[in-house]
Each structure stands twice: as structure tokens, then as C-alpha cells.
Amino acid sequence: MEKHNGGCYCGAVRFQITGLPLWSGHCHCRSCQQALGGAFVTWAKVAAKDFDVTKGVIKTIRKTPGIARGFCGDCGTTLTYSAETEVAGQDWSADAWFAAATLDDPSIVEPKAHVFVSHQQPWIKLADGLPASEEF
Ligand SMILES: [Zn+2]
Ligand SMILES: [Zn+2]
């Protein structure tokens with residue numbers, strides 16, 4: 001299986017995925033906006049067994065109960081998202097979600113949807129034709 005590498009802005013944290021992402025979408029939720037300092041986060045997922053940290057340590061912050069957001073403790077880059085409880089009735093514990101733009105080659109990701117557009121900033125205009133959902 002092909003390997004793809006990624007990491008944070010400063011290089012302290014590096015990770016590797018095996019195979020291509022299984023799914024990707026742009027999340028406009030307010031929590032993602034604040035955690036990133038941006039208008040939305042493009043998340044991608046692989047099976048948890050196909051995501052490996054190869055350098056450094058991913059720090060986590062838990063603000064929303066059951067949600068762990070991973071970031072580089074040195075430069076602050078948003079890296080991962082994991083749900084320790086069910087999200088929208090689904091068990092996400094078998095998945096590893098990561099910020100698509102932290103791949104060395106983010107162009108391998110094919111986002112399929114916009115989610116939480118109910119929180120979308122009015123100055124973001126969607127014109128890519130992807131399905132958009134109010135929440136997830
Ligand atoms: Zn870093
Ligand atoms: Zn979000």
C-alpha cells in the first residue's frame with residue numbers, strides 16, 4: 001500500500017498514512033474555526049491502523065466532551081480529531097481523522113462534502129458543487 005507523509009508547520013510532529021484517505025470533507029463548525037483560526041478545516045480519514053505518528057508527540061485538547069483535538073505543542077498546527085464517544089450515532093473510534101492540508105501533498109485528498117454549513121462564515125462562498133449539510 002502506498003504511504004503518504006505529513007506533519008505540522010514546524011516539523012516537530014510527523015505522521016504517515018497508509019493508502020489514500022477513505023473520506024474527506026470540509027467542516028465549517030464553530031469549534032473547528034476557533035481551533036484552526038480559519039474559516040473551516042478540511043478533514044480526511046483513514047482507518048486508525050493506517051495512521052502512524054513517526055516523529056514527535058501530538059498533544060490533545062478536550063473542550064467538547066468526548067472530542068480530542070490533536071495539535072503540535074510547539075507550533076500549534078491542528079493535526080487530528082478523534083471522538084471518544086459516538087458522533088451523530090456513529091462510532092468513530094476505528095477512524096483516524098487528520099487535517100488534510102497537513103499532508104506533504106494535500107492534492108491526494110478528494111473532499112466530498114461541506115458539513116456544519118449552519119456555522120459557515122458569510123464571507124465564505126461555496127461554488128464547488130459539493131453536497132452541503134447543515135450539520136454532519
Ligand atoms: Zn509543529
Ligand atoms: Zn468541525
Applying side chain to side chain contact (heavy atoms under 4.5 Å, CB included), run through Ile17 and Asp50 and close with a yes or a no.
CA-CA 5 Å; Ile17 63 169; Asp50 292 330; 5.6 Å; no
Set out, in order, the CA-CA distance, both residues' side-chain angles and the distance that settles side chain to side chain contact (heavy atoms under 4.5 Å, CB included) for Phe71 and Thr77, then state yes or no.
CA-CA 5 Å; Phe71 62 98; Thr77 300; over 6 Å; no
Go through the steps to decide whether Ser93 and Glu84 satisfy the test side chain to side chain contact (heavy atoms under 4.5 Å, CB included), and finish with yes or no.
CA-CA 6 Å; Ser93 61; Glu84 293 151 340; over 6 Å; no
Please report the C-alpha distance between Val117 and Phe40 in whole Å, then the side-chain angles of each, then the deciding distance to 0.1 Å, and finally whether the side chain to side chain contact (heavy atoms under 4.5 Å, CB included) criterion is met.
CA-CA 10 Å; Val117 296; Phe40 58 91; over 6 Å; no
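When all heavy atoms of Pro106 and Ala100 are compared, the pair lying nearest together is CB-O, 3.7 Å. In terms of heavy-atom proximity, Cys32 sits nearest to Trp43 at SG-NE1, 3.3 Å. The nearest pair of heavy atoms linking Lys3 to Thr18 is NZ-OG1, 3.2 Å. Scanning all heavy atoms of the two residues, the minimum distance from Ser24 to Thr42 falls at OG-CG2, 3.7 Å. Across every non-hydrogen atom of Leu20 and His4, the tightest pair is CD2-NE2, 3.7 Å. Across Pro21 and Ala44, no two heavy atoms sit closer than the pair CB-CB, 4.0 Å.
A donor and an acceptor atom, one from each side chain of Arg62 and Thr60, are located under 3.5 Å apart. Side-chain contact check for Gln16 and Asp52: no donor-acceptor pair (N or O, by modelled atom type) lies under 3.5 Å.
Within the model, atoms CD1 of Ile61 and OG1 of Thr78 stand 10.5 Å from one another, a figure rounded to the nearest 0.5 Å. Summarising the geometry, atom CZ belonging to Arg69 is positioned 9.0 Å from atom CD belonging to Gln34; distances are rounded to the nearest 0.5 Å. Taken from CD1 in Ile67 to OG in Ser82, the straight-line distance is 7.5 Å, to the nearest 0.5 Å. Rounded to the nearest 0.5 Å, atoms SG (Cys8) and NZ (Lys59) are 13.0 Å apart.
Under the 3.5 Å distance criterion, the side-chain polar atoms of Lys125 are matched with a main-chain donor or acceptor of Pro122. Formation of a donor-acceptor pair under 3.5 Å by the Asp95 side chain with backbone atoms of Trp97 is not found in this model.
Between His119 and His28, the distance separating the two ring centers is not shorter than 6.0 angstrom. Ring centers of Phe51 and Phe15: under 6.0 Å apart, within the cut-off.
Comment: Asp104 engages Arg14 in a salt bridge, judged by a side-chain N to carboxylate O separation of less than 4.0 angstrom.
The shortest side-chain heavy-atom distance between Gln121 and Gln33 falls under the 4.5 Å cut-off. Looking at heavy atoms from C-beta onward, Pro111 lies out of side-chain contact with Trp23 at the 4.5 angstrom threshold. Counting heavy atoms from C-beta outward, His26 and Leu126 have side chains that stay 4.5 Å or more apart. Contact of the Phe98 side chain with the Leu103 side chain is registered, since non-hydrogen atoms from C-beta on lie closer than 4.5 Å. Looking only at side-chain heavy atoms (C-beta outward), Thr64 and Ser31 come within less than 4.5 Å of each other.
Taking hydrophobic clusters as Ile, Leu, Val, Met, Phe, Trp and Tyr residues chained together by side-chain heavy-atom distances below 4.5 Å, Tyr81 shares a cluster with Leu36. Note: the hydrophobic cluster containing Leu79 does not contain Val41 (ILVMFWY, side chain heavy atoms under 4.5 Å, direct or indirect links).
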